[in-house]
Amino acid sequence: MSSFAGRMKEYPTVSLDRFDRENLLSRAYFLSHCHKDHMKGLKGPILKRKLEFSRTVRLYCSFVTKELLLSNPKYAFWEEYIVPLELESPTQISLVDETSGEKEDLVVTLLTAGHCPGSVMFLFEGSQGNVLYTGDFRLAAGDASRIEHLHSGSRVKDIQSIYLDSTFYDPRFYKIPTREVCLNGILELVGNWISQSPYHVVWLNCKAAYGYEYLFTNLGEEFNTQIHVRSLAMFKKMPEILSYVTTDRRTQIHACRHPKDEEFFQGSRLPCGCTASDGTPLRIISIKPSTMWFGERMRKTNVIIKTGASSYRACFSFHSSYSELKDFLSYLRPVNIYPSVIPIGRTLTEVTQIPQKTADEGETPDNDENFSLTLSASLSNHSSQNLDSCLPDTLILQPEQGGREQGDKRPSTVAQEESNDQKELSESQVSSDYDIPCTPESKTPRPDELSQLYRKLASGEDVIRKRD
DNA sequence: GCGATCAGTT
DNA sequence: CACAACTGATCGC
């Protein structure tokens, strides 16, 4: 789960993967991929209202992410405000303060992230240096060296900060078999089963999320078949996926789902029924893709585990392993690293916090969403050493002063972001509605209304309707 | 009735 | 087995 609050220290007037709270004030939005935990606030009525008034605020994402997003009617209102960008195409974006007219230019480049269809990393280049926001990603060791726009000639660009998918930043997850190794294990298991008879079928027990599509296309290609899924609508403009999926259940490979499938369909059942169209009972095995990891010295890395008479787990990961993350970081050598998630299992060591906001500086929302911390604030000072030794083994959140009660399940540590010029909104304010001026006859705001709206948004005053 | 949030589950 | 999303309870409007 991403716990990133939405803004980067270097370019605080843009928001990424978060669209609520203070992100409502941003001049531009970026969506790295279409998973719901990166879309918080994206269907919010306040944001919708803001877009209707704005001439310059847009959402930037890949073409595929745009398609996936708009395939959900709840996000349809974004259509005219999305600017899809090609991968590997540096694009200049003007960040305009619509109140003052103040303008800042930023160049953004989308880099493939390998997490799910359409997933990208954002490389920002501007007055505050080069910053890489990875979103969620899975890249193999050595991949960073093959990304052109991380280089300038033959040299790696100077990276001020990386906002990192730190899901597996823990030595416990040292090694995760590569995509290819995992895929080959699954291909072999599926092939051995479905070749026995037309009534031998497999059910891929996938979570309801994008990211398994390359599994479907590879299986479809290998066995010259299609995979049964619940809906094709989201892929209708993606022929290379669409051609490998079907809603016709007469196929030997299924990834269909049913709301109650976990309870009833484990092992030897199928969400779409357990008999063939001629009435013959199907012979079903289930394969659950899930993350498997191995220690540094672990030799045996079996990517398929039998979990029952007719059920298996197969290795599959949406995120880079520890060693892949270390490889990525030691290649790019950023000055700062900001982890995007609370580490799983924390037994760890060093960490450097960015300066904390003091408790008496106005209202600080009491939540765990604004945390942000940095490891090794000065990696660049260690240039003569092996950088790997400068990277902390693990990440840990530092205890907050006057910490929480024991038994509180939330992270016991919250590092606040540095205060920006923009005023933070308190929790109660955020849940209220903005009282946005509007011309009754038309959606078009009068010029003074627009300027008034943004002045109010910027000041945090009067915009919030008071509740009693 | 809708949406947000939380705890629990897979 | 560790991720992302669904379910159901609860609360507020």
Side-chain angles (χ1 to χ4, degrees), chain A residues 1-4 17-21 32-48 68 72-75 115-117 119 135-138 165-177 203-213 230 234 255 257-267 269 271 286-295 298 302-308 311-322 325 340-347 365-369 394-395 407-410 427-433 465-468:
Chain A
M1 283 296 267
S2 174
S3 312
F4 181 61
D17 292 352
R18 282 294 291 263
F19 308 91
D20 57 349
R21 300 175 159 275
S32 69
H33 66 288
C34 210
H35 277 164
K36 291 200 167 40
D37 58 327
H38 290 253
M39 294 158 64
K40 197 167 184 198
L42 194 56
K43 56 179 183 307
I46 303 166
L47 190 49
K48 183 177 178 186
L68 298 178
N72 183 338
K74 288 185 169 163
Y75 302 103
H115 176 71
C116 70
S119 66
D136 285 351
F137 77 107
R138 176 136 201 225
D165 171 13
S166 54
T167 305
F168 292 135
Y169 199 100
D170 183 315
R172 183 176 149 94
F173 308 107
Y174 194 88
K175 196 159 44 175
I176 296 172
W203 176 49
L204 301 168
N205 181 0
C206 301
K207 289 182 287 226
Y210 298 119
Y212 301 96
E213 290 73 15
R230 200 132 147 77
M234 59 290 266
R257 294 172 42 79
H258 183 277
K260 289 265 177 242
D261 56 16
E262 274 307 324
E263 278 173 52
F264 296 100
F265 302 105
Q266 276 178 2
R269 298 223 202 168
S286 74
I287 302 173
K288 184 178 181 128
S290 49
T291 307
M292 294 178 188
W293 57 87
F294 303 90
M298 190 92 72
N302 192 359
V303 297
I304 304 290
I305 292 176
K306 199 163 202 281
T307 54
S311 55
Y312 298 83
R313 276 199 323 126
C315 186
F316 193 92
S317 180
F318 287 172
H319 301 274
S320 284
S321 68
Y322 181 73
L325 291 172
S340 67
V341 296
I342 299 165
I344 300 164
R346 15 198 186 134
T347 16
D366 180 23
N367 60 44
D368 51 23
E369 293 165 5
T394 44
L395 317 179
D408 190 332
K409 283 173 142 178
R410 289 186 294 179
E427 196 138 16
S428 61
Q429 285 174 324
V430 167
S431 59
S432 315
D433 287 326
R465 196 184 299 143
K466 292 265 197 294
R467 283 190 294 177
D468 298 300

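With C:dA5, C:dC1, C:dA2 as the candidates, the nucleotide lying closest to the side chain of A:F168 is C:dA2. Checking B:dA4, C:dA4, C:dA2 against the side-chain heavy atoms of A:K207 singles out C:dA4 as nearest. The nucleotide whose nearest atom lies closest to any side-chain atom of A:S290 is, among C:dA4, C:dA2, C:dA5, C:dA2. Among the nucleotides C:dA5, C:dC1, C:dC3, the one closest to any side-chain atom of A:T167 is C:dC3. Nearest to the side-chain atoms of A:A208 among the listed nucleotides C:dA4, B:dT5, C:dC6 stands C:dC6. Side-chain proximity of A:K288 to C:dA4, B:dT10, C:dC1: nearest is B:dT10.
When all heavy atoms of A:R313 and A:S290 are compared, the pair lying nearest together is NH1-OG, 2.8 Å. Shown here for A:V303 and A:M292, the closest heavy-atom pair between the two residues is O-CE, 3.7 Å. The shortest heavy-atom contact between A:S317 and A:F168 is OG-CE1, 3.5 Å.
Rounded to a whole Å, the CZ atom of A:R18 is 13 Å from the P atom of B:dA4. Put simply, CZ on A:R172 is 8 Å from C1' on C:dA2, counting in whole angstrom units. One interatomic measurement links the two molecules: CD1 of A:I46 to C1' of B:dA4, which rounds to 12 Å at whole-angstrom precision. The CG-P distance, from A:N302 to C:dC1, rounds to 13 Å in whole Å. Across the protein-nucleic acid pair, A:Y174 atom OH and C:dA2 atom P stand 23 Å apart, rounded to whole Å. To the nearest angstrom, C1' of C:dC1 lies 13 Å from CE of A:M298. A straight line from CG of A:N72 to P of C:dA4 spans 18 Å, rounded to a whole angstrom. The distance from atom OH of A:Y210 to atom P of C:dA5 is 10 Å, rounded to the nearest whole Å.
For A:K48, the NZ atom is loosely surrounded, since the number of other residues' heavy atoms within 6.0 Å does not exceed 12.
For C:dA4, the OP1/OP2 oxygens have a side-chain nitrogen or oxygen of A:H115 closer than 4.0 Å. The shortest distance between the side-chain N/O atoms of A:T291 and the OP1/OP2 oxygens of C:dC3 is below 4.0 Å. Contact annotation: A:H319 side-chain N/O to C:dA2 OP1/OP2 distance is not under 4.0 Å.
A:D136 and A:H38 share a side-chain donor-acceptor pair at under 3.5 Å.
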